[in-house]
**Student:** 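Here it is, the structure in full.
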Amino acid sequence: MSVPTITIADAHRHAGESVRIPGWLYNLRKSGKIVFPLLRDGTGIMQCVAVKSAVPEALFDKIKDLTQESSIIVTGKVRAEQRAPGGFEMDLEDLEVLQRVPESDPYPITPKEHGIDFLMDHRHLWLRSRRQHAILRVRHEVIRAVRDYFDSNGFTLIDTPIFTPAACEGTTSLFELNYFDEEKVYLTQSGQLYNEATAMAFGKVYCFGPTFRAERSKTRRHLTEFWMVEPEMAYATLEDVKRVAEEMIVFIVGRVLENRRPELKELERDPAKLECIQAPFPRISYDEAVKILQAKGSEIQWGGDFGGGDETLLSEGYDRPLMVDRYPSAIKAFYMQPDAERPELALGVDVLAPEGYGEVIGGGQRIHDLDLLLRRIEEHGLPKEAFNWYIDLRKFGTVPHGGFGMGIERCVTWLCGLEHVRETIAFPRMLYRTRP
RNA sequence: UCCUCAGUAGCUCAAUGGUAGAGCAUUCGGCUGUUAACCGAAGGGUUGUAGGUUCGAGUCCUACCUGAGGAGCCA
């Protein structure tokens, strides 16, 4: 008679049955004649139990001598048990050891606390911990929600290139590499310019992929390689962009609350902080933001950009994301459409997450007028030849259009209530850290 | 790139300029309901590197290396 192979996540459906679960030994608690191995299988953690008098001696000895993170396949009967974490427990009947981790070189991440440097050096193993597991499952939920939101709202996924011939935005630094020793190309820092082309072909589009910034930033909000989702819409105004950004965030938060409650609990994240993320989000202008900041004691002057502290000051007092729009054109990218009533302002919007998490979305309406775009390219000293295709978009059926970009890691950091973005991606790439 | 802080056992951290310590991990022993289990014992050190001051440096000084936090910039 063969027993079914199941996952720990499904164990509650097999109470009273004998089943087989492949996994790894998460931890082992011993008490003389009774042992409690904790099995981890990627879907959850289950406590097993073996009493010396109730199992064959060879089996008991094999369990007793297991080491942390050894790969094992357990067989036993699942039973509801109040005392077990998770509410279910397995009475062990058999154990197959695929690889026993030797004592001479034990698993380095013990159940005690560790420093961040050590954990980052062992990131490939750290991913097995409950906390990292919870964070990456929330990340997965966020990504799935993003795709579902756009897919069910008429957007077409169109991926943009990662090798690009020039800067999308002249301001930030790019990673440069040799392209067959024939020319220099750069790793993309945004798919936006290409998406403006695809939006003119498909109406509503989005891209979702890795993005690279060679900024020498060393803060809790920065990675050199991160994932960004960027929708772009033809015939869209700044107001349309703001509405979509708001709807998307509400949708994502709703999905996380619906499907990832246990993960939020593992992370000790108060779900009430997310339950209040409902439309409408507060909206203020750059002008108002500057006045608010000055009243709160910030050094900011009109015309300057917000620092990290300014973003925190602005978003405190709101329990939901704050939308700030109409920034001075001078501090924004060359492609930003000016405000018709006040041409010194750009029709851009930033979305600042609550609780001091800062900017998670940046976007706005793009310039659709050919002459204005040419003028801006010149003013910013950009090489016109490299933008010929982009300029074409204003020559052949140009329309008002806009979109935004959302950094996935910053969003996950906020939703999980984390201190640092580095835990929201499996293998973070940061200034001074490219390994493992 | 700049500013601040840190580097001592495998890990997390102590140690007034005067003998290098603890908890966890590992090994051995004990324990029939543990929840980062607990109790007892043992092994484990070129104090990041190179100089300097001093009778004497983990501790003070200089440079460098590595990491962390922050700034600017950004999602």
Side-chain angles (χ1 to χ4, degrees), chain A residues 26-38 45 47-55 60 64-65 67-68 81-87 89 91 101-122 126 129-131 168-174 189-192 210-230 245 304-311 331-333 350-353 357-363 404-414 419-422 424-425 430-433 435:
Chain A
Y26 191 75
N27 198 2
L28 179 66
R29 288 189 281 268
K30 283 184 268 195
S31 182
K33 298 188 175 61
I34 185 168
V35 289
F36 299 93
L38 292 185
I45 292 174
Q47 176 166 293
C48 304
V49 61
V51 174
K52 190 171 188 179
S53 59
V55 300
F60 189 82
K64 187 166 59 74
D65 290 333
T67 48
Q68 196 187 356
E81 170 59 67
Q82 284 278 316
R83 290 169 292 187
E89 187 172 82
D91 290 315
V101 176
E103 293 86 351
S104 56
D105 190 10
Y107 187 71
I109 303 180
T110 64
K112 287 280 183 179
E113 60 189 299
H114 299 280
I116 192 64
D117 185 35
F118 177 81
L119 289 170
M120 290 303 293
D121 284 343
H122 294 82
W126 190 21
S129 77
R130 294 178 205 248
R131 174 183 166 83
C168 294
E169 315 180 19
T171 53
T172 48
S173 29
L174 297 150
Q189 59 182 337
S190 165
Q192 181 206 315
T211 306
F212 308 87
R213 302 276 167 97
E215 295 152 7
R216 303 186 81 82
S217 301
K218 188 168 161 33
T219 79
R220 65 183 67 193
R221 302 200 310 280
H222 286 89
L223 299 170
T224 54
E225 175 185 312
F226 64 97
W227 285 66
M228 184 156 70
V229 60
E230 295 178 279
D305 212 345
F306 306 136
D310 290 327
E311 289 185 352
I331 57 169
K332 287 289 174 181
D350 284 352
V351 180
L352 308 182
Y357 279 98
E359 185 179 352
V360 289
I361 283 179
F404 63 83
M406 181 179 78
I408 292 297
E409 290 78 12
R410 284 194 182 173
C411 180
V412 174
T413 305
W414 162 46
E419 287 290 308
H420 201 297
V421 287
R422 66 186 158 216
T424 64
I425 187 166
M430 299 177 290
L431 186 63
Y432 308 134
R433 194 175 282 280
R435 271 177 277 267

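Side-chain atoms are counted along with the backbone in the values below, which use heavy atoms only and exclude waters and symmetry mates. Every chain is numbered from 1, with letters handed out A, B, ... down the list of sequences.
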**Student:** How would you label the contact of A:D350 with the nucleic acid (heavy atoms, under 4.0 Å): base, sugar-phosphate, or nothing?
**Tutor:** nothing
**Student:** If I take atom CZ in residue A:R221 and atom C1' in nucleotide B:G69, what distance separates them, rounded to the nearest angstrom?
**Tutor:** 13 Å
**Student:** Does any donor-acceptor pair link the side chain of A:E89 with the base of B:G33 at a separation under 3.5 Å?
**Tutor:** yes
**Student:** Would you mind pulling out the nucleotide paired to B:G69, Watson-Crick or G-U wobble, both distances under 3.5 Å?
**Tutor:** B:C3
**Student:** Across all strands, who's sitting opposite B:G40 as a Watson-Crick or G-U wobble pair, both distances under 3.5 Å?
**Tutor:** B:C28
**Student:** Using atom OH of A:Y432 as one end and atom C1' of B:A68 as the other, report the distance to the nearest whole Å.
**Tutor:** 12 Å
**Student:** Please produce a list of atom pairs where a protein N or O lies less than 3.5 Å from an N or O of nucleotides 9-15 of chain B.
**Tutor:**
residue	atom	partner	partner atom	Å
B:C11	O2'	A:E113	O	3.4
B:C11	O2'	A:H114	ND1	2.5
B:U12	OP1	A:G115	N	2.9

**Student:** Within a strict 4.5 Å, meaning less than it, do heavy atoms of the A:R410 and A:V421 side chains meet?
**Tutor:** yes
**Student:** Watson-Crick or G-U wobble partner for B:U16, using a 3.5 Å limit on both distances?
**Tutor:** none
**Student:** So is the aromatic ring of A:F36 stacked onto the base of B:G33, judging by whether the centres are under 5.5 Å apart and the planes are under 30° apart?
**Tutor:** no
**Student:** Between B:C74 and B:G52, how far apart are the two P atoms, rounded to whole Å?
**Tutor:** 48 Å
**Student:** Tell me yes or no: between the side chains of A:Q47 and A:R83, is some donor less than 3.5 Å from an acceptor?
**Tutor:** no
**Student:** Provide the distance between the two C1' atoms, one in B:G44 and one in B:U26, to the nearest whole Å.
**Tutor:** 9 Å
**Student:** 5'-most contact on RNA chain B: A:E409 or A:K52, nearest heavy atom basis?
**Tutor:** A:K52
**Student:** So A:F226 and A:I408, do their side chains get closer than 4.5 Å, heavy atoms only?
**Tutor:** no
**Student:** Looking at B:C74, does its base get a donor-acceptor pair with the side chain of A:S217 below 3.5 Å?
**Tutor:** no
**Student:** Whole angstroms only, please: what is the NE2-P distance between A:H222 and B:G72?
**Tutor:** 10 Å
**Student:** Under 3.5 Å, which protein N or O atoms sit close to an N or O of nucleotides 63-65 of chain B? Give each pair with its distance.
**Tutor:**
none

**Student:** Between B:U16 and B:G7, how far apart are the P atoms? Round to whole Å, please.
**Tutor:** 13 Å
**Student:** Taking the same atom, P, in B:G43 and in B:G23, what whole-Å distance lies between them?
**Tutor:** 14 Å
**Student:** Atom CG of A:D310 to atom P of B:G72: distance rounded to whole Å?
**Tutor:** 8 Å
**Student:** Sort out the partner of B:U46 for me: Watson-Crick or G-U wobble, both distances under 3.5 Å, none otherwise.
**Tutor:** none
**Student:** To the nearest 0.5 angstrom, please state how far the OH atom of A:Y26 sits from the CZ atom of A:R130.
**Tutor:** 4.5 Å
**Student:** Applying a 4.0 Å non-hydrogen cut-off, can you work out what A:H420 is touching in the nucleic acid: base, sugar-phosphate, or nothing?
**Tutor:** sugar-phosphate
**Student:** Test for a donor-acceptor pair under 3.5 Å between the base of B:U32 and the side chain of A:S53, counting only N and O atoms.
**Tutor:** yes
**Student:** When the C1' atoms of B:U46 and B:U8 are considered, how many whole Å apart are they?
**Tutor:** 12 Å
**Student:** Output the rounded distance in Å from CD1 (A:I109) to C1' (B:A25).
**Tutor:** 13 Å
**Student:** Spell out yes or no: do the side chain of A:R410 and the base of B:C74 have one donor N/O and one acceptor N/O closer than 3.5 Å?
**Tutor:** yes
**Student:** If you only use heavy atoms from C-beta on, which nucleotide in B:C31, B:U34, B:A25 is closest to the side chain of A:P106?
**Tutor:** B:A25
**Student:** What's the spacing between A:E359 CD and A:M406 CE if we round to 0.5 Å?
**Tutor:** 12.5 Å
**Student:** Are side-chain heavy atoms of A:L352 and A:V360 found at a separation under 4.5 Å?
**Tutor:** no
**Student:** Please determine, for B:U54, whether a Watson-Crick or G-U wobble partner exists with both distances under 3.5 Å, and give it or none.
**Tutor:** none
**Student:** May I ask you to evaluate whether A:K218 reaches the phosphate of B:A68, defined as a side-chain N or O under 4.0 Å from OP1 or OP2?
**Tutor:** yes
**Student:** Using a cut-off of strictly less than 4.0 Å, decide whether A:R216 has a side-chain nitrogen or oxygen near OP1 or OP2 of B:C2.
**Tutor:** no
**Student:** Working to the nearest 0.5 Å, report the span between CZ of A:R29 and CG of A:L38.
**Tutor:** 4.5 Å
**Student:** Could you give the distance separating B:U53 and B:U62 at their C1' atoms, to the nearest angstrom?
**Tutor:** 11 Å
**Student:** Would you measure the distance from the P atom in B:C39 across to the matching atom in B:A25 and give it in whole Å?
**Tutor:** 10 Å
**Student:** Can you tell me how far P of B:U1 sits from CG of A:L431, to the nearest Å?
**Tutor:** 9 Å
**Student:** Take A:M228 and A:S104, find for each the nucleotide of RNA chain B with the closest heavy atom, and name the residue whose nucleotide sits nearer the 5' end.
**Tutor:** A:S104
**Student:** Could you tell me if the side chain of A:E230 sits less than 4.5 Å from the side chain of A:S190, heavy atoms only?
**Tutor:** yes
**Student:** Is the shortest side-chain N/O distance from A:R422 to OP1 or OP2 of B:G69 below 4.0 Å?
**Tutor:** yes
**Student:** Heavy-atom distance under 4.5 Å between the side chains of A:R422 and A:I116, does that happen here?
**Tutor:** yes
**Student:** Give me the ring orientation class for A:H114 and A:F118: parallel if the planes are under 30° apart, tilted from 30 to 60°, perpendicular past 60°.
**Tutor:** parallel
**Student:** Once you round it to whole Å, what is the distance between P of B:A68 and CE of A:M120?
**Tutor:** 7 Å
**Student:** Side chains of A:E409 and A:M228: closer than 4.5 Å at any heavy-atom pair?
**Tutor:** no
**Student:** Considering only heavy atoms from C-beta outward, does the side chain of A:D117 approach that of A:R433 to under 4.5 Å?
**Tutor:** yes
**Student:** Tell me every residue that passes side chain to side chain contact (heavy atoms under 4.5 Å, CB included) with A:D305, counting only those two or more places apart in sequence or in another chain.
**Tutor:** A:Y327, A:I331
**Student:** What is the distance, rounded to the nearest whole Å, between atom CD of A:E225 and atom P of B:A75?
**Tutor:** 17 Å
**Student:** Using the C1' atom as the point on both nucleotides, what is the distance between B:A50 and B:U66, in whole Å?
**Tutor:** 15 Å
**Student:** Counting any heavy atom closer than 4.0 Å, what does A:I408 reach on the DNA or RNA strands: base, sugar-phosphate only, or nothing?
**Tutor:** nothing
**Student:** Contact class for A:V51 (heavy atom, under 4.0 Å): base, sugar-phosphate, or nothing?
**Tutor:** base
**Student:** Given B:G33, B:C31, B:U34, which nucleotide is nearest the side-chain atoms of A:V49?
**Tutor:** B:G33
